[in-house]
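Letters A, B, ... are given to chains in the order of the sequence lines, protein chains preceding strands, and every chain is numbered from 1.
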Amino acid sequence: MAWQWFHKLGSPRWFYEKTSRWLTWFAPLSVALLLVGLTWGLAFAPVDAKQGNSYRIIYIHMPAAVLSLAGYYLMAIAGGIGLIWKMKLPFMVMQSAAYVGAALTALTLITGSLWGYPTWGTFWEWDARNIFMLILLFLYLSIIMLGRVYPVREAADKACAILALVGTVNVPIIYKSVDWWYSLHQPASIKLTGSSSIHPSMLYPLLLCIVAYYCFYTLSLILYTRQEILAREARTKWVSELVNTQSSHTKD
Amino acid sequence: MSQWEEPAPNELSISNLTCTREDRVLFTQLEYTCCAGAVLQVLGFNGAGKTTLLHTLAGLMPPASGVIRWRGESIAGNRSYTRSLFYLGHQAPVKPALTVAENIQWLARLRGQSPSAEELCSALEQVDLEAYQNTSCGHLSAGQKRRVALAQLYLSAAPLWILDEPFTAIDKEGVGRLQQLLATHASHGGISVLTSHQPLRLENLHTLDLAAFQPDEACAYV
Amino acid sequence: MSQWEEPAPNELSISNLTCTREDRVLFTQLEYTCCAGAVLQVLGFNGAGKTTLLHTLAGLMPPASGVIRWRGESIAGNRSYTRSLFYLGHQAPVKPALTVAENIQWLARLRGQSPSAEELCSALEQVDLEAYQNTSCGHLSAGQKRRVALAQLYLSAAPLWILDEPFTAIDKEGVGRLQQLLATHASHGGISVLTSHQPLRLENLHTLDLAAFQPDEACAYV
Amino acid sequence: MSEQSTVTTSAWRTIVARDLKLIWRQRTDVVNPLVFYLITITLLPLGVDPSRQFLGSIAPGMLWIMALLATLLSLDTLFRSDYEDGSLIQFQLSAEPLFLTVLGKVTAYWLTTGLPLSLISPVLASMLALPDGGYIALMLSLLLGTAIMSLIGALGAALTVCLRAGGLVLTLIVMPLYLPVLIIGANCVGSAVAGFSFLRELALLGAGLAIALIVMPAAIAGALKISANQ
Amino acid sequence: MSEQSTVTTSAWRTIVARDLKLIWRQRTDVVNPLVFYLITITLLPLGVDPSRQFLGSIAPGMLWIMALLATLLSLDTLFRSDYEDGSLIQFQLSAEPLFLTVLGKVTAYWLTTGLPLSLISPVLASMLALPDGGYIALMLSLLLGTAIMSLIGALGAALTVCLRAGGLVLTLIVMPLYLPVLIIGANCVGSAVAGFSFLRELALLGAGLAIALIVMPAAIAGALKISANQ
Ligand code: HEM
Ligand SMILES: Nc1ncnc2c1ncn2[C@@H]1O[C@H](COP(=O)(O)OP(=O)(O)OP(=O)(O)O)[C@@H](O)[C@H]1O
Ligand SMILES: Nc1ncnc2c1ncn2[C@@H]1O[C@H](COP(=O)(O)OP(=O)(O)OP(=O)(O)O)[C@@H](O)[C@H]1O
Ligand SMILES: [Mg+2]
Ligand SMILES: [Mg+2]
């Protein structure tokens, strides 16, 4: 019984139909959460004593950073499941997670640089975390690139899954080595406010933002995967039926 | 040669095989059984799926559906099947920087054989390359390069041969000799599956035309 | 088509040709003249020097000695000869990343032609690849890839065709069609020189067996 | 006359169009000298002292050296696939002289490696903390320098195309010829950073490009004719 | 039992022998990562301040970065010719598991790139005025590091073997994974130069090699199986 459920999970059609129903309430919810969290953080949280208003970028920056790392593992796990149980859906999730993850990593880097200008006086500093983020972006990009250049879809999926799995071993190693490299060089020129010392009135919106980012991440992953499903299953009967019914709806 | 003395009869059976390339069904519901001593020539127009079929038979590609059995066992993940197989594709696995003899040797070693000097010589003689033994393969003509790869057949003890267009670029006399070799292999109880657009002159030649297994319009795509 | 209307008759004459590969003489004192409307099949065992001969005829390689004349003029450094020549070698110059139509187009453009959409379509139809027009060539089978290269023949206005094993990997029906094309080319006064180990069924087919021009022992090396 | 000239430039145009299309299809060539450049520049501070001042002092030289290596990395493939599938023979037998076709290939190569590399260089320069004032010199010198290096590199690629492990002989052939370009280019950026005029270096690079444009296509065509018939 | 073990290692031995012979015949592969290494190290002082003190301060990082790039340069060819002429299919169908054959190829690769590169590194280090005390650390760390990088690189090569312009996707895949090796290796030399013990770094590299030896052959074999049937 349990296995039947598991294999259903691997069916793109099942996923598409199920998520169609979820999306009706999940999409508004996550967008609302995000809006509330960001407005609270960006507009209503108190001004920081040292950094003034520029610290507010943290509400965009930090959750994105946390998620881009978590997203990598999600991607790798999806790839692993696809490889082991030879299912289609996890591969699609993996590809979508690569895109969403790369976007989040890029967002972290961009907001970080923007934040760096008022605080560090430069857009880029060779700081351990920055380098790690940059490398993570490369890891994402390599998976996206590999997926795009492969001539055959199935092979591309498997190749990406192998790369993602090898990456899981490597990401912690990269993280540690970068950190370790940094400790050997001179210490940071600027110390950030540690998250422990953060004032609750700033912390609560941050927590809300993190939750909202998680929801939003799930939402974008689902949307991306649905698009991927339609693209890959375009020739199957159920998709063409779906397209037919939708186009007849729009005609009415 | 040890495999040949085994009691289980050589038999390759294909049941209900469907192969696809990028969602397009090439052929479907293919049923065929090759018994010991058969030479099977797979026919079909360009793009019919002959190479795909041979790849699938060699276990290099999983079929979309259906089962292939060797001596009654499915070939999926079957290592003993791999060992009783000799496959030669479109391309000759011949390194231009190595000499003819060296090329033959490494290919044989890879399959776990270590041919003696005499065996090597006789194989070279069979493919008419004695004079080129120490020539590096980059200096051979197209047909001679193919012959280096074909020399493996004279060394191989595998009961099942899968050959994709083995006659490409081979001259008339070479084609005749190769057909004779196939006949000998068959008479020892071996099986050969090959593709060729040329008609063959062999006694117990079976043909399999892939055109007969084309899918109907309705299920041309999975 | 403009070249065809020229007054000078198409004629390819080979006189006293000797070709060598790395000091070894492949054939010597080769004399032959192809007149307009001839199809010449070069024969020879593997390694006889057929490919070398065709390369020499195409002006890609200087001969060891002897002269090749086209319409009475030596071909060495003769640009108008290059323009009246179509050469297709062992390998098909087909880029896997481009689609079939794109491949045909760039090859034609390179020879200074710009085929219209209809010409392109009819050439594709002739080689049975209409359905694959927008497929990238990396996804074609071996024979289909060769057919992409062969489609050039239907677009070419060159009076002299030099084809190295054009029938490789082509199925029976395709071989028939190609022979028909060669016959048409000949009937328009064109000349084709080709190698093949298969016997051809053409009316005014001439054959040239390189085995007859082997050097004697004494002068096998230069 | 004009008919003649349209014919002669059409080989060039055909090959530029074909190669750009090929590269765009494979998509990787456009992005990847960039990616190589980006990644090697990223690796740099990991090996040495990452302080801004130190990085700034090595930046002009490093940006140029890494650009050179990035160009070198993809050179090997320039004529290889054309050689292997017989396209090179078609080039030789085409209606127009070989050097035009070759020029087309080099143009496409430069458009997809040198040009994007030069355009992205300011971003990387700012990561390496190149002092202000060096940016324009860096971009201009890279634009000219990569063009020269593409022409030189194509000669190396043509000479080694018939070798199996050509990529590495190539390095040996090409590097000494790249040296003057590197020295002038790095000096150009160096002068600009120091606040001097860098016009002389740019003029030198321009002159180099002119010479290379005159000499190289014929040399490359000759080299290809030799290699093609192995 | 012993018969079994001779059979299983014979694929490895065959391939090592074949590849070494191939490389020796072509002769260029042995020499050229070295040549590349030599030339890039020579280029370095042309781009930056050539005073001994300055060079000495960037030497550990640069020696390692250039070694990394030299290894990368020839990676592309690792499986390519085997893919193109169908040898890869023969590897898959050989009597022994694919990962042994793969291990054989990687061994031959390392023996002809990593090993000579490590052995020659002291000479280049002295050209870059590496302070005394760094030499042993440099050689040992390069020996271990190039072995790890060969294994990682082989995975990249296997994943991209069926792509036409694979050499550059390869860079993107491989570089981030090389990063920890580079950091630890450069630090190893750095510590040695500073007079500290570098055993910890060597131990880390050793551990990395052990992990890579366990994980990579299977991953490479998997990747090859996927790419071989395109
Ligand atoms: C491009 C530059 C930057 C990158 C790539 C980057 C990356 C990251 C990452 C990966 C995290 C998550 C750390 C974790 O979860 O442990 C993070 C968190 C954070 N970043 Fe950044 N960052 C950048 C610039 C900045 C700047 C300029 C500031 C402020 C001066 C800053 C302040 C913070 C803070 C306060 C947090 C959360 C608190 C913490 O976990 O330590 N970041 N950043
Ligand atoms: N690149 C080369 N370098 C040196 N010798 C070569 C080279 N190519 C071919 N040869 C030699 O030249 C001779 C003729 O080769 P060629 O390719 O012309 O033969 P062919 O008649 O076309 O044979 P096939 O029927 O096999 O295509 C062969 O004996 C071969 O050994
Ligand atoms: N790598 C590939 N990717 C996608 N499709 C492919 C690939 N190779 C072949 N195909 C398609 O699969 C079909 C069958 O190809 P296959 O190579 O099996 O044909 P074949 O019967 O061997 O033809 P030929 O006689 O030309 O060798 C062809 O229509 C081709 O378009
Ligand atoms: Mg085939
Ligand atoms: Mg030939």
Side-chain angles (χ1 to χ4, degrees), chain B residues 21-24 26 41-55 89-92 100 127-132 135-148 150 164-178 195-199 209-211 220, chain C residues 19 21-24 26 42-55 89-92 100 127-132 135-148 150 164-178 195-199 209-211 220:
Chain B
R21 277 279 197 184
E22 299 214 321
D23 296 352
R24 196 159 59 81
L26 296 178
Q41 182 180 17
V42 181
L43 295 174
F45 53 91
N46 286 142
K50 300 180 292 299
T51 301
T52 311
L53 174 63
L54 296 201
H55 268 242
H90 268 297
Q91 307 285 29
V100 172
V127 294
D128 238 346
L129 287 177
E130 317 94 291
Y132 293 88
T135 309
S136 72
C137 288
H139 293 180
L140 295 183
S141 77
Q144 288 169 330
K145 246 176 237 160
R146 293 280 314 171
R147 280 160 181 260
V148 175
L150 288 174
D164 202 351
E165 312 211 13
F167 303 112
T168 303
I170 301 290
D171 62 20
K172 243 186 203 151
E173 187 259 334
V175 170
R177 230 189 269 189
L178 200 53
T195 65
S196 175
H197 297 294
Q198 279 174 261
D209 195 342
L210 286 186
Chain C
C19 282
R21 277 281 196 183
E22 301 213 321
D23 297 350
R24 198 159 56 80
L26 295 179
V42 180
L43 295 174
F45 53 91
N46 286 142
K50 300 181 292 300
T51 301
T52 311
L53 174 62
L54 296 201
H55 269 242
H90 268 297
Q91 305 284 29
V100 172
V127 294
D128 237 348
L129 286 177
E130 315 95 291
Y132 293 89
T135 309
S136 70
C137 288
H139 293 181
L140 295 183
S141 77
Q144 287 170 330
K145 245 175 240 161
R146 294 281 313 173
R147 280 162 181 259
V148 175
L150 289 175
D164 202 351
E165 310 211 13
F167 303 111
T168 303
I170 301 290
D171 62 19
K172 243 187 203 150
E173 188 257 335
V175 170
R177 231 191 268 190
L178 200 52
T195 66
S196 174
H197 297 293
Q198 279 174 260
D209 196 342
L210 287 186

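- Neither the backbone nor the side chain of B:Phe167 comes within contact range of chain C, judged by heavy atoms closer than 4.5 Å.
- Highest contact tally toward chain C, considering only B:Gln198, B:Arg147, B:Lys172, is held by B:Arg147 [criterion: heavy-atom pairs under 4.5 Å].
- The side chain to side chain donor-acceptor pair (under 3.5 Å) check on C:Glu165 picks up nothing, with sequence neighbours excluded.
- The parts of B:Ile170 that come within reach of chain C are both its backbone and its side chain, each placing non-hydrogen atoms under 4.5 angstrom from that chain.
- Shown here are the side chain to side chain donor-acceptor pair (under 3.5 Å) partners of B:Arg146, two or more places apart in sequence or in another chain: there are none.
- For the atom pair CG of C:Leu26 and OG of B:Ser141, the computed distance is 10.0 Å after rounding to the nearest 0.5 Å.
- When heavy atoms are compared at a cutoff of 4.5 Å, B:Glu173 does not approach chain C at all.
- For C:Gln91, the side-chain contact (heavy atoms from CB on, under 4.5 Å) criterion is met by no residue, not counting sequence neighbours.
- Rounding to the nearest 0.5 Å places NE2 of C:His139 at 11.5 Å from CZ of B:Arg24.
- Contacts with chain B were tallied for C:Gly174, C:Pro199, C:Gly143; C:Gly143 has the most, counting heavy-atom pairs under 4.5 Å.
- Using non-hydrogen atoms only and a strict 4.5 Å limit, the part of residues 45-53 of chain C facing chain B consists of C:Phe45, C:Asn46, C:Gly47.
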